[in-house]
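Here is the structure we will look at.
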There are 2 protein chains.
Amino acid sequence: MPTLQDVAREAGVSKMTVSNVLNGRRDRVSPATIARVMEVVTRLGYVPNASARSLSARRSNIVALAFPSRDAGGVTPMTNPHDSLFLSEVEAQVTQAGLYLMAHSVNSVESTAHSLRSWNVDGAIFLGTRADEVAALHTAYDAPMVFVDNHGTSPHISNVGIEDRLGGQLAGRRLIEAGHRRIGFVGPRFDEPGVVRERHAGFVQALTEAGLSLRPEHVVHCDAGFDHAVAAARRVLAAPQRPTAVFATADIIAAGLLKGFVRAGCPVPDQMSIIGFDDLEVARHVSPEITTLHQDIPGKARAAVEVLLTQLAHWPAARSERRVLGVSLVERESVAPPPAS
Amino acid sequence: MPTLQDVAREAGVSKMTVSNVLNGRRDRVSPATIARVMEVVTRLGYVPNASARSLSARRSNIVALAFPSRDAGGVTPMTNPHDSLFLSEVEAQVTQAGLYLMAHSVNSVESTAHSLRSWNVDGAIFLGTRADEVAALHTAYDAPMVFVDNHGTSPHISNVGIEDRLGGQLAGRRLIEAGHRRIGFVGPRFDEPGVVRERHAGFVQALTEAGLSLRPEHVVHCDAGFDHAVAAARRVLAAPQRPTAVFATADIIAAGLLKGFVRAGCPVPDQMSIIGFDDLEVARHVSPEITTLHQDIPGKARAAVEVLLTQLAHWPAARSERRVLGVSLVERESVAPPPAS
DNA sequence: CTGAAAGCGCTTACAG
DNA sequence: CTGAAAGCGCTTACAG
């Protein structure tokens, strides 16, 4: 494995000159020298040692992507399409920027902070972090961090998210417009601030605007997992004065409900309408295809990397930034007027 | 940020002693000293610098996971459930082993090898690598590597895969057992060795055993993507003497076919039976649920990490190892006897 | 435009 | 059981 030293010797220059050539500070080197150095680099197949560079430059070129070790449904981490699509696009962008991606599931804030510090990562992107964890992370490690889909209130943190509340509102309005008056809500619990709470709030707002209300017995809590949702369908149907439509906070829930309803002899959308959220592939896999709120996940990933790189460029003078991407309703086949009673 | 030096000074010992304590060579240190050092480490919140450690120890503690930058369907990398499930389990295992995971999409063998060398990664796991790339990788970087689902013939490479051929065979047999005589095959092209070719071979074998043959007009090529498969359904139906059943080399293809068949007025399984492969979630999302060949993806990930760690432990004397996990047929709802003609 | 030298924070024989 | 010293392969003021 040739080193900088080897290249320098072979090219008849100092290590520092080689370093300058390799790091783009080419204004400090004559064209002839640059050519000579590059020739040697190629011939020897020289590859800089990233650890050495990181150690002396105090800059690792590593970006960490941290995701929940288990999602709400108790499923294996990263298993859900949203997170994997997101990771994939982050990886692409990070690589494009000449940086490296370290993937981390977050078991505890401590161990995550430990890793970040140990590798002296330049910055980090966090998926699915709770508000208290955000604060702990910031105090534990001083580097650019951007959070995704975080609805905490602190103005000091950078966040990239979507119009969750508007999404909920659009879902509610669409169902109302179709003629529904008894509309249910199915999603995970939302004791803490987060996307589910926002979607719920927007949904309730739409009902309120129309002079309707969300009855407690029409709220069914269900973790984001297909099987959970299949089971939840029965609970929806068992409610007194059962709803004629439901808003599910995630497509995977919508898909599970769909199966559950149909199994229970309640056809969709004839007897029951469904609106999902996210516009994941699953929404088109099933029949009827699920009407849902579209969000641009790769776009969110690009925005997250962009914000991170901006912060990196201005660090430590960087200011926090919040970006919110739009949502839009995608009409498909799971919404119809309520059955003529 | 406290350093080893700070800890040593504070504890009144040498750097080397602190290092020994931290790296488990505790037999070389007295219990009293260990206690003192640990107390200081905790009090100062000392976190070792991974780059420095990597540089001097010539061991990075980094494992790379490399995945195709675009899969066969031209979809964004990592988007498919198989890869993301795999990555997630690899991450868990790697973390558990006290190592770090660097995620890489492979645009070119050169850039990948560059990254591996630059970070001096301890080892790497490769998803979806072609045979020629495998060879190039091995010559470009000398470290433990394990390939996944590689059906190349070289005995020198470590591989973890599944019984693809048996899977194809079981699929064929199941369809034959149901009474089908004209059975089609839908999957990506398989000019090179790989899982598709194996699954196809096993499938053909089953037909042959039963005195049947796979007619060329019953082979429909289709990339692994839902929409591609929806479109492919028409081609299956358009074949002269159309088949009464098809084997799809992936569940996502099976799901797309299902939709395509139903749309074309050909109900599944009444008029057309389908068997998929992988047993991904999508197989249970759709109706009818898809009968498929189960493979244990997290198990494959664990095996891959295990093989890698074993090699790491014995490096450079390590011997290559090939592991093959089983497959099993999962009965669901997409297979029925052929329609009475 | 170019270089000598110090230093980043660790580990590792080696010696005692 | 413990330590002094060299060295891993880079970058970075500083000087010329």
Side-chain angles (χ1 to χ4, degrees), chain A residues 1-38 40-41 44-62 98 100 114-122, chain B residues 1-38 40-41 44-62 98 100 114-122:
Chain A
M1 240 41 358
T3 69
L4 232 213
Q5 182 66 270
D6 299 329
V7 175
R9 188 186 313 119
E10 189 81 8
V13 297
S14 72
K15 291 192 305 180
M16 138 140 230
T17 296
V18 178
S19 177
N20 280 151
V21 170
L22 260 28
N23 291 298
R25 265 176 289 282
R26 302 199 168 183
D27 49 323
R28 302 193 189 169
V29 189
S30 74
T33 306
I34 292 180
R36 190 145 34 93
V37 168
M38 289 313 291
V40 175
V41 165
L44 264 45
Y46 170 69
V47 174
N49 181 311
S51 292
R53 190 199 294 247
S54 170
L55 180 58
S56 67
R58 293 138 174 297
R59 193 175 187 294
S60 63
N61 286 333
I62 296 176
Y100 298 88
H114 189 97
S115 297
L116 300 183
R117 285 179 55 181
S118 187
W119 282 105
N120 189 29
V121 304
D122 291 351
Chain B
M1 230 70 332
T3 70
L4 233 213
Q5 182 66 270
D6 299 330
V7 175
R9 188 185 313 119
E10 189 80 8
V13 296
S14 71
K15 291 193 304 181
M16 140 140 229
T17 295
V18 177
S19 176
N20 279 151
V21 170
L22 259 28
N23 291 298
R25 266 178 288 281
R26 302 199 167 182
D27 48 325
R28 302 192 189 172
V29 189
S30 73
T33 306
I34 292 180
R36 189 143 35 93
V37 169
M38 289 312 291
V40 176
V41 164
L44 264 46
Y46 169 69
V47 173
N49 181 311
S51 292
R53 188 200 295 246
S54 171
L55 180 59
S56 67
R58 295 140 174 295
R59 192 174 188 293
S60 63
N61 286 334
I62 296 176
Y100 298 88
H114 188 98
S115 297
L116 300 184
R117 286 179 53 181
S118 187
W119 282 105
N120 188 29
V121 304
D122 291 351

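Below, chains carry the letters A, B, ... as their sequence lines are ordered, and counting in each starts from 1.
Near-neighbour residues of DNA chain C inside residues 6-14 of chain B, defined by a heavy atom below 4.0 Å, are absent.
Where DNA chain D pairs in unbroken runs of 3 or more (Watson-Crick or G-U, both distances under 3.5 Å), the stems are C:1-3 with D:14-16, C:5-12 with D:5-12, C:14-16 with D:1-3.
For the residue pair K15(B) and L4(B), the shortest heavy atom distance occurs at O-CD1, 3.7 Å. When all heavy atoms of V40(A) and A11(A) are compared, the pair lying nearest together is CG2-CB, 3.9 Å. Across S54(B) and S51(A), no two heavy atoms sit closer than the pair OG-OG, 2.8 Å. In terms of heavy atoms, D122(B) sits closest to R59(B) at OD2-NH1, 3.3 Å. The nearest pair of heavy atoms linking N49(B) to L55(A) is ND2-CD1, 4.0 Å. Nearest approach of R117(B) to G45(A), heavy atoms of both residues: NH2-O, 3.1 Å.
Mapping T33(A) and S56(B) onto DNA chain C by nearest heavy atom places T33(A) closer to the 5' end of the strand. Between P31(B) and Q5(A), it is P31(B) whose nearest contact on DNA chain D lies nearer the 5' terminus.
With dT2(C), dC10(C), dC8(D) as the choices, the nucleotide that has an atom nearest any side-chain atom of L55(B) turns out to be dC8(D). Each of dG9(D), dT12(D), dC10(C) was ranked by its minimum atom distance to the side chain of A52(A); first place goes to dG9(D). Across dG9(D), dT11(D), dC1(D), the shortest atom-to-atom separation from the side chain of N23(A) is found for dT11(D).
In this model, a donor atom of one side chain and an acceptor atom of the other lie less than 3.5 Å apart for S14(A) and T17(A). Side-chain contact check for R53(B) and N23(B): at least one donor-acceptor pair (N or O, by modelled atom type) lies under 3.5 Å.
Rounded to an integer number of Å, the gap from CZ of R59(B) to P of dT11(C) is 12 Å. In this entry the distance linking CG of N20(B) with C1' of dT2(D) reads 9 Å, nearest Å. Atoms CG (L4(A)) and P (dA4(C)) sit 14 Å apart, rounded to a whole Å. Rounded to an integer number of Å, the gap from OH of Y46(A) to P of dG9(D) is 10 Å. Here dG9(D) presents its C1' atom at 15 Å from CG of L44(A), a figure rounded to the nearest Å. Protein atom CG of N120(A) is 10 Å distant from nucleotide atom P of dG9(C), rounded to whole Å. In this entry the distance linking CH2 of W119(B) with P of dC10(D) reads 13 Å, nearest Å. Rounded to a whole Å, the NZ atom of K15(A) is 10 Å from the C1' atom of dA4(C).
Side-chain contact between I34(A) and M38(A) is present, with heavy atoms from C-beta onward closer than 4.5 Å. Counting heavy atoms from C-beta on, the side chains of V7(B) and E10(B) never come closer than 4.5 Å.
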Which atom pairs link the protein and nucleotides 14-16 of chain C when you take only N or O atoms and keep those under 3.5 Å?
none

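Taking side-chain N and O atoms only, R58(B) has no distance below 4.0 Å to OP1 or OP2 of dG7(D). Phosphate contact (OP1/OP2 of dT11(D), side-chain N/O of S19(A), threshold under 4.0 Å): present. Between S30(B) and dT2(D), a side-chain N or O to OP1/OP2 separation shorter than 4.0 Å is present.
Between the CD1 atom of I62(B) and the CH2 atom of W119(A) there is a distance of 3.5 Å, given to the nearest 0.5 Å.
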